[in-house]
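Down below is the structure, laid out as structure tokens.
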Amino acid sequence: MGIKIRKATVIDSSFLAQMILQSSRAGKKDGLFDLLFKTNDDKVILEYLEKLTVTNAKSHCNYSNFLIAEMDGKSVGTLCSYEPRIATKETFLKALQEIGVDEMDEALSVMYCCDFNLNNRTLMFDFMEELEGFIDVGILKELMQKSLLTARLKGYRIAQTMIEIGSLDAKLFYTKLGFKEVSQLECELYKEKFGRAGLVLLSLEF
């Protein structure tokens with residue numbers, strides 16, 4: 001049962017939406033997209049997210065930033081890697097407007113209240129997820145290794161990711177891959193909305 005890693009395409013939008021939602025909630029009742037789309041209805045959120053992955057504005061949620069892991073022809077995991085200088089806040093706003101989401105001030109305030117002022121020459125990782133039932137079979141490690149190889153070929157030497165304060169499993173996983181904590185931001189607004197103290201920035205030089 002080998003793991004195959006490939007670049008995502010437009011036809012993966014439904015699976016990507018599922019993984020983005022799973023990642024954004026990360027065990028919480030509400031995640032960013034529940035707040036952004038003003039609903040807890042999974043069907044509605046997934047419809048929005050599917051559209052968000054295929055917008056002309058290439059936000060960090062665009063399918064072109066994703067790798068897909070497959071086992072026996074079934075999609076089982078994802079990893080997004082994007083360049084902050086391209087997938088900017090402004091691009092994300094354009095993508096949201098493209099899918100008909102306009103009133104988003106509150107959600108964006110929460111999203112950007114923990115702002116690390118990212119270096120544009122780093123590669124950011126996000127939405128590293130796998131389906132239940134496929135945990136601990138090496139999917140995420142394969143996705144990360146493939147992504148780092150591609151990043152190295154593009155001239156990147158630093159990769160970063162953000163996790164929530166208190167996400168011990170995620171931190172342990174990244175630490176095993178060589179990531180180190182470089183900064184931590186506690187945000188009252190984030191805690192108020194999601195019940196988590198804030199975010200941790202992890203970095204890897206490769």
Side-chain angles (χ1 to χ4, degrees), residues 1-37 40-54 58-83 87 92 95 111 123-151 159-179 194-196 199-202 204:
M1 214 167 45
I3 302 168
K4 177 188 173 188
I5 308 294
R6 63 173 177 81
K7 286 182 71 68
T9 68
V10 175
I11 60 171
D12 295 305
S13 58
S14 175
F15 180 67
L16 293 176
Q18 183 186 343
M19 294 291 96
I20 290 171
L21 180 57
Q22 180 175 306
S23 176
S24 70
R25 285 181 176 160
K28 305 185 296 292
K29 177 181 175 288
D30 294 326
L32 171 68
F33 294 104
D34 298 85
L35 199 61
L36 203 50
F37 302 139
N40 291 112
D41 186 327
D42 284 10
K43 185 171 182 290
V44 174
I45 295 172
L46 288 169
E47 284 174 1
Y48 270 124
L49 286 174
E50 277 192 47
K51 293 174 185 174
L52 192 60
T53 66
V54 295
K58 287 186 167 51
S59 76
H60 64 296
C61 297
N62 193 276
Y63 75 90
S64 59
N65 295 320
F66 281 82
L67 290 177
I68 300 269
E70 288 184 337
M71 292 181 77
D72 293 336
K74 175 185 171 71
S75 297
V76 294
T78 59
L79 175 59
C80 165
S81 59
Y82 65 93
E83 301 170 78
F92 188 50
M111 184 178 180
L123 192 70
M124 292 300 298
F125 287 132
D126 205 345
F127 309 126
M128 183 163 69
E129 289 293 320
E130 57 195 342
L131 288 180
E132 281 188 37
F134 290 90
I135 295 168
D136 294 332
V137 294
I139 291 166
L140 299 184
K141 190 173 180 182
E142 290 276 344
L143 281 164
M144 182 64 75
Q145 286 174 342
K146 176 68 173 176
S147 197
L148 287 173
L149 180 63
T150 305
Q160 295 185 320
T161 192
M162 286 178 276
I163 61 171
E164 290 177 323
I165 293 172
S167 299
L168 301 180
D169 286 346
K171 189 171 183 180
L172 181 63
F173 176 78
Y174 279 113
T175 301
K176 283 181 177 177
L177 289 171
F179 282 79
F194 300 132
R196 306 286 168 88
L199 298 175
V200 178
L201 181 67
L202 303 173
L204 171 71

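Note that these values count all heavy atoms, side chains included, but never hydrogens, waters or copies made by symmetry. These figures come from a predicted structure and were not determined experimentally.
Counting only distance, with no hydrogens or angles, the side chain of Gln22 and the backbone of Glu130 share a donor-acceptor pair below 3.5 Å.
Rounded to the nearest 0.5 angstrom, Leu46 CG and Ile20 CD1 are separated by 9.5 Å. The CG atom of Leu36 lies 8.0 Å from the CE atom of Met111; values are rounded to the nearest 0.5 Å. Met19 CE to Ser24 OG: the interatomic distance, rounded to the nearest 0.5 Å, is 11.0 Å. Atom CD in Glu164 sits 6.5 Å away from atom CG in Leu199 (nearest 0.5 Å). Here CD of Glu142 is found 13.5 Å from CD of Glu70. Values are rounded to the nearest 0.5 Å. In this structure, CD on Gln18 lies 9.5 Å from OG1 on Thr78, to the nearest 0.5 angstrom.
At a threshold of 4.5 Å between non-hydrogen side-chain atoms, the residues Leu35 and Asp30 do not count as touching. Side-chain contact between Leu16 and Leu49: absent, with no pair of heavy atoms (C-beta onward) separated by less than 4.5 Å. Looking only at side-chain heavy atoms (C-beta outward), Tyr82 and Ser59 stay at 4.5 Å or farther from each other. No side-chain heavy atom of Lys29 sits under 4.5 Å from any side-chain heavy atom of Asp34. When side chains are defined from C-beta on, Asp42 counts as touching Arg25, because their heavy atoms get closer than 4.5 Å. Between Leu52 and Phe33 there is a side-chain heavy-atom pair separated by less than 4.5 Å.
In summary, of the residues considered (Ile3, Leu148, Ile5), a side chain to side chain contact (heavy atoms under 4.5 Å, CB included) with Leu143 occurs for Ile5 alone. Paired with Cys80 under the rule side chain to side chain contact (heavy atoms under 4.5 Å, CB included), one option of Asn62, Thr161, Leu67, Asn65 passes, and it is Asn65.
A salt bridge links Lys43 with Glu47; the closest basic N to acidic carboxylate O contact falls under 4.0 Å.
Scanning all heavy atoms of the two residues, the minimum distance from Ser75 to Leu131 falls at O-CD1, 3.4 Å. Heavy-atom minimum distance, Gly178 versus Leu204: O-CD1, 3.3 Å. Closest of all the heavy-atom pairs between Phe173 and Lys141 is CZ-N, 4.0 Å. Minimum interatomic distance between Thr53 and Ser13 (heavy atoms only, all atoms of both residues): OG1-CB, 3.2 Å. When all heavy atoms of Ile68 and Ala8 are compared, the pair lying nearest together is CG1-CB, 3.7 Å. When all heavy atoms are compared, the tightest approach of Ile165 to Arg196 is O-CD, 4.4 Å.
Heavy atoms from other residues, nucleotides or ligands lying under 6.0 Å from NZ of Lys28 number more than 12. More than 12 non-hydrogen atoms from other residues, nucleotides or ligands lie less than 6.0 angstrom from CG of Asp41.
Using cut-offs of 30° and 60° on the angle between ring planes, the pair Phe66 and Phe127 is parallel.
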